[in-house]
Amino acid sequence: MRRIHHVGVVVKCLTDAYRFYRDVLGLPLLKEREIPDQGVRAALLAAGDTEIELLEPLDPTTGVGRFLGRRGEGLHHLCFETSDVSKALAALKQKKTELIDESPRAGLAGQIAFLHPRACAGVLVELATPPAGEDVSHASPLRLKRLVVGAQDVKHTAGRFQALFGFPEMAMNGGPRTMLAVGNGALLVVPAAEVGGTEGMVALSLVAEDFFGLTAALRKAGTPRLEGTGEVTVEPTGSHGVHLHISRYNFP
């Protein structure tokens, strides 16, 4: 797995979500398309060498529509880029991994396939092979630092991602957390008790190229947030259900 290709976010309306993700955060819109077989209108916005995918359900009876009805707006899935989805699926099948897609299909990110959340400790994981020649790096005022995953058993969940995808563990200052490197980003697995008992994806952490300019844009837009000297936390009511942490620094 080369990198985190994108993180999927379910929203009620793309137009409304653009007002925050594109207009306030400044993330460039790369592509938008209706995908009938997934029952969504989807858009990819650049966040450094990663992307954020916004998903608007076309019908409340689709999978994404039911997700929105049950859980509301928020984090939906995590996508890893691989050079060959077919080969990746074959390798996962040999490991007896539970899959949603037995073979690749067309998606906004290229050739894609989904693994069942039961295979990845409650996280819906997508694999994608982008079209040949597609640029993986885009000018963007923000880039993904890490995705935070809540788990009842941190070591078991981190070990599951390592066993399936081979992600190396990154050094941390002790504590009951585990960080795995994925390209230039990371997965941070934390105890569910630290994040309100939530298991699965719980938050995104981004780094701002111009932190002070970004905080000024958030203030101007009236986005609900908590400001610190080196980090601003956007409340989910302002970011379409996503716990969003934006920092001046890459570490810690």
Side-chain angles (χ1 to χ4, degrees), residues 3-32 43-55 72-76 78-79 135-150 170-173 175 177 179-190 194-196 198 201-252:
R3 62 179 176 123
I4 296 175
H5 183 279
H6 67 261
V7 177
V9 178
V10 172
V11 299
K12 294 177 182 176
C13 174
L14 276 182
T15 301
D16 291 343
Y18 283 158
R19 294 191 184 104
F20 175 71
Y21 285 97
R22 183 189 61 191
D23 301 340
V24 177
L25 296 186
L27 302 183
L29 176 62
L30 301 176
K31 59 178 80 170
E32 177 189 327
L44 286 172
L45 296 92
D49 65 353
T50 301
E51 297 162 16
I52 291 178
E53 183 179 40
L54 303 177
L55 302 163
E73 296 182 302
L75 294 170
H76 179 259
L78 167 63
C79 179
D135 190 5
V136 301
S137 183
H138 308 280
S140 171
L142 294 168
R143 61 182 176 81
L144 181 70
K145 181 177 179 179
R146 57 188 172 231
L147 171 70
V148 183
V149 174
M170 300 173 68
M172 291 190 69
N173 295 325
R177 299 177 165 208
M179 186 122 68
L180 304 177
V182 189
N184 293 324
L187 296 181
L188 176 62
V189 186
V190 304
E194 291 186 7
V195 288
T198 303
M201 297 185 294
V202 294
L204 286 180
S205 182
L206 305 170
V207 178
E209 189 175 278
D210 179 2
F211 180 76
F212 298 107
L214 176 73
T215 52
L218 292 170
R219 289 181 198 133
K220 183 177 180 181
T223 305
R225 69 204 179 279
L226 297 172
E227 291 188 24
T229 55
E231 184 175 81
V232 59
T233 299
V234 179
E235 296 182 11
T237 54
S239 52
H240 297 269
V242 179
H243 289 271
L244 195 60
H245 308 289
I246 304 173
S247 175
R248 291 177 62 185
Y249 312 107
N250 189 43
F251 293 104

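A quick note: this is a predicted structure, and the numbers were derived from the prediction, not measured.
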Checklist outcome for this item: Contacts of H76 meeting ring-ring contact (aromatic ring centres under 6.0 Å, His included) (sequence neighbours excluded), chain-then-number -> F67
Checklist entry - Is it true that atom NZ of K31 has more than 12 heavy atoms of other residues, nucleotides or ligands lying nearer than 6.0 Å? => result yes
Checklist entry - Should we count CD of E209 as having more than 12 external heavy atoms under 6.0 Å? => result no
How long is the span from the [atom1] atom in [X] to the [atom2] atom in [Y], to the nearest 0.5 Å?
| X | Y | atom1 | atom2 | value |
| --- | --- | --- | --- | --- |
| S205 | K145 | OG | NZ | 4.5 Å |
| R146 | L187 | CZ | CG | 11.5 Å |
| R3 | T50 | CZ | OG1 | 6.0 Å |
| H5 | L144 | NE2 | CG | 13.0 Å |
| E227 | I246 | CD | CD1 | 10.5 Å |
| L29 | E51 | CG | CD | 10.5 Å |

Item to check | Residue among V232, T237, L218, L244 satisfying side chain to side chain contact (heavy atoms under 4.5 Å, CB included) with T223 | outcome: L218
Checklist entry - Going through the distances and angles, do V148 and L204 end up as a side chain to side chain contact (heavy atoms under 4.5 Å, CB included)? => result CA-CA 6 Å; V148 183; L204 286 180; over 6 Å; no
Heavy-atom pair of closest approach, residues [X] and [Y]:
| X | Y | result |
| --- | --- | --- |
| H243 | V202 | CB-O, 3.4 Å |
| D23 | R19 | CB-O, 3.3 Å |
| L214 | V24 | CD1-O, 4.3 Å |
| P141 | P28 | CD-CD, 4.4 Å |
| R22 | L45 | CB-CD2, 3.9 Å |
| C13 | E73 | N-OE2, 4.5 Å |

Next on the checklist: I'd like to know if the side chain of S140 and the backbone of A46 have a donor-acceptor N/O pair within less than 3.5 Å.
Outcome noted: yes
Checklist entry - With no hydrogens and no angle check, is any side-chain donor or acceptor of K12 less than 3.5 Å from a backbone partner on H240? => result no
Test item: [X] and [Y] side chains (from C-beta on) under 4.5 Å apart, heavy atoms:
| X | Y | answer |
| --- | --- | --- |
| V242 | Y21 | yes |
| D16 | V11 | no |
| M179 | R177 | no |

